[in-house]
Novice: 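Dropping the structure in here first, questions after.
Side-chain atoms are counted along with the backbone in the values below, which use heavy atoms only and exclude waters and symmetry mates.
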Amino acid sequence: MELFLLILFYFFIAIVTIQVVYYLFIFGKFSFAKPQESKEKHISISVVVCAKNEEENLKTLIPILAKQNYPNYEIIIIDDASSDDTRYLVEDFQKEIPNLKLVKVENNEAFWGNKKFALTLGIKTASKDYLLLTDADCFPNSENWIKEMASHFTMHKTIVLGYGAYEKEEGLLNKLIRFETLLTATQYFAWAKLGRPYMGVGRNLAYKRDEFFKTNGFINHMKIRSGDDDLFINEASDSENTAICYNPESFTYSVPKQTFKEWFMQKRRHVSTAKHYKAFDRSQLALFYISQLLFFLTPITLLAFQFQWIIVLSLIVFRYLTAWISLGFSAGKLEEKDVMYWYPVLEIILIFTQLNVFFKNMTSKPVTWK
């Protein structure tokens, strides 16, 4: 028994080391980065929004997009075979907004219900050199959204990853959703700064139109219903062509899910695409989440037998402080500081929710695009 506890003790040290490396030396590349400075660019932008039965949300979104403080842009609304009055609403707005375009997508037997097919048609319609994508249930945080995102394009940086946040509401579920969003953004921003970008979110994502055609669009993963954002970025991005944008004026906000069941289903869709990432990206994500889970499970036995309990408790506190500080700085950048007060509770709930998502996805397929 003594030998087993000794092995477990050293194993726990290794787990804590892995976690500290992630939080300090990987996530820290974003967490401790300097505030960004914007350099105004005058490139042409096509704002692309794919909408399926989003009439009510578009009533709010389109006027916001029309008031953006940017000189050269167009708005493309893709009506993905909606059964509501989405297209008629957009047509009414077109009478007042000259730079608003409508792309009508009919149901296609080969691509029925496939958002990527609808997005492809919209992107092919775009007349500007650069694309800025968001969702119909999102809204920009400011009139400078386009300007901020566009400012990070350069001759070599042809992909810009933005932050898609969720509105702040009362309740534990809202804090959990925003904490998970904060952690995810910290990860993909940090890896992008390290030269290994692996994903972005379609709620706030920009890239040069040429990048879409270089990869033949979504053709390599068209049969996978989800992943029009992260799978595309996983394929198209590299250390040279990807930038990040985290100025608060560049954020977009969405209304979060109102029930745990709805959010759980959303997470199942998101997680289902990760198995299609490049091998390195799958490995680094797996290592982080497995070490995170084992950090909670491993010390239980050690503490139960009071084996080196002072050192074990010290390691637990050290890891918590490291993670809290790293994510705290990230939360400050992304305006999510309030969730960090609940950090230990939210982390435990999230870990075991993700474990449940993993097993659920092994036994059944999640629901995809509307």
Novice: Any chance you could lay out the side-chain contact (heavy atoms from CB on, under 4.5 Å) test for Leu327 and Met340, step after step, and finish with the verdict?
Specialist: CA-CA 8 Å; Leu327 285 181; Met340 294 309 298; 3.6 Å; yes

Novice: Side-chain contact test, heavy atoms from C-beta onward, threshold under 4.5 Å: evaluate it for Leu293 versus Leu355 and give yes or no.
Specialist: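 Answer yes - side chains close enough.
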
Novice: Consider side-chain contact (heavy atoms from CB on, under 4.5 Å). Of Leu102, Ile97, Asp85, Val103, which one does Val90 pass it with?
Specialist: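 Answer after filtering Leu102, Ile97, Asp85, Val103: Leu102.
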
Novice: Mind checking whether Pro256 and Glu169 have side chains closer than 4.5 Å, heavy atoms only?
Specialist: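 Yes, side chains in contact.
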
Novice: Just by distance, no angles: are the side chains of Ser326 and Ser31 close enough, under 3.5 Å, to form a donor-acceptor pair?
Specialist: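 Yes, side-chain donor-acceptor contact under 3.5 Å.
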
Novice: Does a side chain donor of either Gln19 or Ser291 reach within less than 3.5 Å of an acceptor in the other side chain?
Specialist: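 Looking only at side-chain atoms, Ser291 and Gln19 do form a donor-acceptor pair, the distance falling under 3.5 Å.
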
Novice: Can you find a side-chain donor-acceptor pair between Tyr163 and Glu336 that sits under 3.5 Å?
Specialist: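 There is such a pair between these side chains.
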
Novice: Without swapping roles, check the side chain of Asn204 against the backbone of Ser250 for a donor-acceptor pair under 3.5 Å.
Specialist: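 Checked: pair present.
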
Novice: Between Arg209 and Lys124 (side chain of the first, backbone of the second, donor and acceptor by atom type, cut-off under 3.5 Å), is there such a pair?
Specialist: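 Confirmed, Arg209 side chain pairs with Lys124 backbone.
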
Novice: Between Ile78 and Val48, is any pair of side-chain heavy atoms under 4.5 Å apart?
Specialist: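 Heavy-atom side-chain distance check passes, below 4.5 Å.
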
Novice: Run Asn247 and Ser38 through side-chain contact (heavy atoms from CB on, under 4.5 Å) and show every step you take.
Specialist: CA-CA 8 Å; Asn247 186 305; Ser38 300; 4.0 Å; yes

Novice: Are Val255 and Asp137 packed together at the side-chain level, in the sense that at least one heavy-atom pair is separated by less than 4.5 angstrom?
Specialist: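 Sidechains of Asp137 and Val255: no contact.
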
Novice: Examine distances only and state if a side-chain atom of Asn234 and a backbone atom of Lys278 form a donor-acceptor pair shorter than 3.5 Å.
Specialist: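 Yes.
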
Novice: Under 6.0 Å between ring centres: does that hold for Tyr166 and Trp263?
Specialist: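 Ring-ring flag for Tyr166/Trp263: false, centres at least 6.0 Å apart.
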
Novice: Is it true that Glu143 and Lys67 make a salt bridge, defined as a side-chain N closer than 4.0 Å to a carboxylate O?
Specialist: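 Salt bridge absent between Glu143 and Lys67.
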
Novice: According to side-chain contact (heavy atoms from CB on, under 4.5 Å), who are the partners of Glu347, at least two apart in sequence or on a separate chain?
Specialist: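 Glu347 satisfies side-chain contact (heavy atoms from CB on, under 4.5 Å) with Tyr23, Phe179, Gln292, Phe296, Arg319, Tyr320, Tyr343, Ile351 once adjacent residues are dropped.
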
Novice: Using 30° and 60° as the class boundaries, would you call the ring planes of Phe9 and Phe307 parallel, tilted or perpendicular?
Specialist: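 It falls in the perpendicular class, over 60°.
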
Novice: Could you see if Leu3 belongs to whatever hydrophobic cluster contains Phe11? Use Ile, Leu, Val, Met, Phe, Trp, Tyr and a side-chain cutoff under 4.5 Å.
Specialist: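 Hydrophobic grouping puts Leu3 apart from Phe11.
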
Novice: Side chains of Met199 and Tyr277: does their closest heavy-atom pair fall under 4.5 Å?
Specialist: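 They are in contact (side-chain heavy atoms under 4.5 Å apart), so the answer is yes.
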
Novice: Answer yes or no: is there a donor N or O on one side and an acceptor on the other, between the side chain of Thr154 and the main chain of His156, under 3.5 Å?
Specialist: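 Yes: the side chain of Thr154 pairs with the backbone of His156.
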
Novice: Is it true that the side chains of Asn144 and Asn69 contain a donor and an acceptor less than 3.5 Å apart?
Specialist: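 Per modelled atom types, Asn144 and Asn69 side chains form a pair under 3.5 Å.
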
Novice: Could you check whether Phe27 and Phe288 have their ring centres less than 6.0 Å apart?
Specialist: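 Under 6.0 Å, so yes.
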
Novice: Establish whether Ile76 and Phe93 are linked, either directly or via other cluster members, by ILVMFWY side-chain heavy-atom contacts under 4.5 Å.
Specialist: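 In one cluster: no.
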
Novice: Quick check: does any side chain N or O of Thr215 sit under 3.5 Å from a backbone N or O of Ala236, one acting as donor and the other as acceptor?
Specialist: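 Not a single qualifying donor-acceptor pair exists.
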
Novice: Got a donor-acceptor contact below 3.5 angstrom from the Ser44 side chain to the Asp129 backbone?
Specialist: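 Pair found, side chain donor or acceptor close to backbone of Asp129.
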
Novice: Tell me whether Gln68 contacts the main-chain N or O of Trp145 through its side chain, where contact means a donor paired with an acceptor under 3.5 Å.
Specialist: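 Judged by distance alone, yes, a pair lies under 3.5 Å.
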
Novice: Output, in order, the C-alpha distance, side-chain angles, deciding distance and verdict of side-chain contact (heavy atoms from CB on, under 4.5 Å) for Leu205 and Val160.
Specialist: CA-CA 6 Å; Leu205 175 64; Val160 179; over 6 Å; no

Novice: Between Lys175 and Glu180, is the closest basic N to carboxylate O distance under 4.0 Å?
Specialist: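 Salt bridge flag = no for Lys175 with Glu180.
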
Novice: Using a distance-only test with no angle check, is there a side-chain donor-acceptor pair under 3.5 angstrom linking Thr86 and Glu55?
Specialist: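 Checked: Thr86/Glu55 side chains show no N/O donor-acceptor pair below 3.5 Å.
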
Novice: Quick one, Leu176 and Leu350 - any side-chain contact, counting heavy atoms below 4.5 Å?
Specialist: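 Yes, their side chains come closer than 4.5 Å.
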
Novice: Can you see whether Ser151 engages Glu40 through a side-chain donor-acceptor pair at a distance of less than 3.5 angstrom?
Specialist: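 No, Glu40 and Ser151 have no side-chain donor paired with an acceptor closer than 3.5 Å.
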
Novice: Take a 6.0 Å sphere around OH of Tyr88 and say whether it holds more than 12 heavy atoms from other residues, nucleotides or ligands.
Specialist: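 No, OH of Tyr88 has 12 or fewer neighbouring heavy atoms, counting only those of other groups under 6.0 Å.
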
Novice: In terms of side-chain geometry, is the basic nitrogen of Asp80 or Lys115 positioned less than 4.0 Å from the acidic oxygen of its partner?
Specialist: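 Answer for the salt bridge query: no.
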
Novice: Below 4.0 angstrom, N of the basic side chain to O of the carboxylate: do Lys214 and Glu211 qualify?
Specialist: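 Yes, Lys214 and Glu211 are salt-bridged.
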
Novice: Does Asn241 reach the main-chain N or O of Asp238 with its side chain, forming a donor-acceptor pair under 3.5 Å?
Specialist: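 Judged by distance alone, yes, a pair lies under 3.5 Å.
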
Novice: Less than 3.5 Å apart, any donor N or O on the side chain of Lys116 or His221 sitting next to an acceptor on the other?
Specialist: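 Present: a donor and an acceptor within the cut-off.
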
Novice: In terms of relative ring orientation, are Phe295 and Phe12 parallel, tilted or perpendicular, with 30° and 60° separating the classes?
Specialist: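 Ring orientation of Phe295 relative to Phe12: parallel.
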
Novice: Which of these passes ring pair (Phe, Tyr, Trp, His ring centres under 6.0 Å) with Tyr207: Phe232, Phe213, Phe153?
Specialist: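 One option only clears the test, and that one is Phe232.
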
Novice: Passes side-chain contact (heavy atoms from CB on, under 4.5 Å), Glu249 versus Asn141? Steps please.
Specialist: CA-CA 6 Å; Glu249 287 194 307; Asn141 193 36; 5.7 Å; no

Novice: So that I can tick it off, tell me whether Lys52 and Asp79 are bridged by a salt bridge, with the cut-off set at under 4.0 angstrom between side-chain N and carboxylate O.
Specialist: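 Answer for the salt bridge query: no.
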
Novice: If you define the side chain from C-beta out and look only at heavy atoms, does anything of Gln354 sit under 4.5 Å from Lys267?
Specialist: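 No, their side chains stay 4.5 Å or more apart.
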
Novice: Got a donor-acceptor contact below 3.5 angstrom from the Gln36 side chain to the Ile244 backbone?
Specialist: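 Flag set: sc Gln36 to bb Ile244 pair under 3.5 Å.
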
Novice: Looking at Lys128 and Glu74, is any side-chain nitrogen of the basic one under 4.0 Å from a carboxylate oxygen of the acidic one?
Specialist: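 No, no charged N to carboxylate O under 4.0 Å.
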
Novice: Quick check on the 6.0 Å ring-centre criterion: do Phe251 and Tyr246 meet it?
Specialist: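 No; Tyr246 has its ring centre 6.0 Å or more from that of Phe251.
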
Novice: Which is it for Arg87 and Glu106 under the salt bridge (Lys or Arg N to Asp or Glu O under 4.0 Å) test, yes or no, and what are the steps along the way?
Specialist: CA-CA 12 Å; Arg87 68 176 57 186; Glu106 304 295 338; 3.4 Å; yes

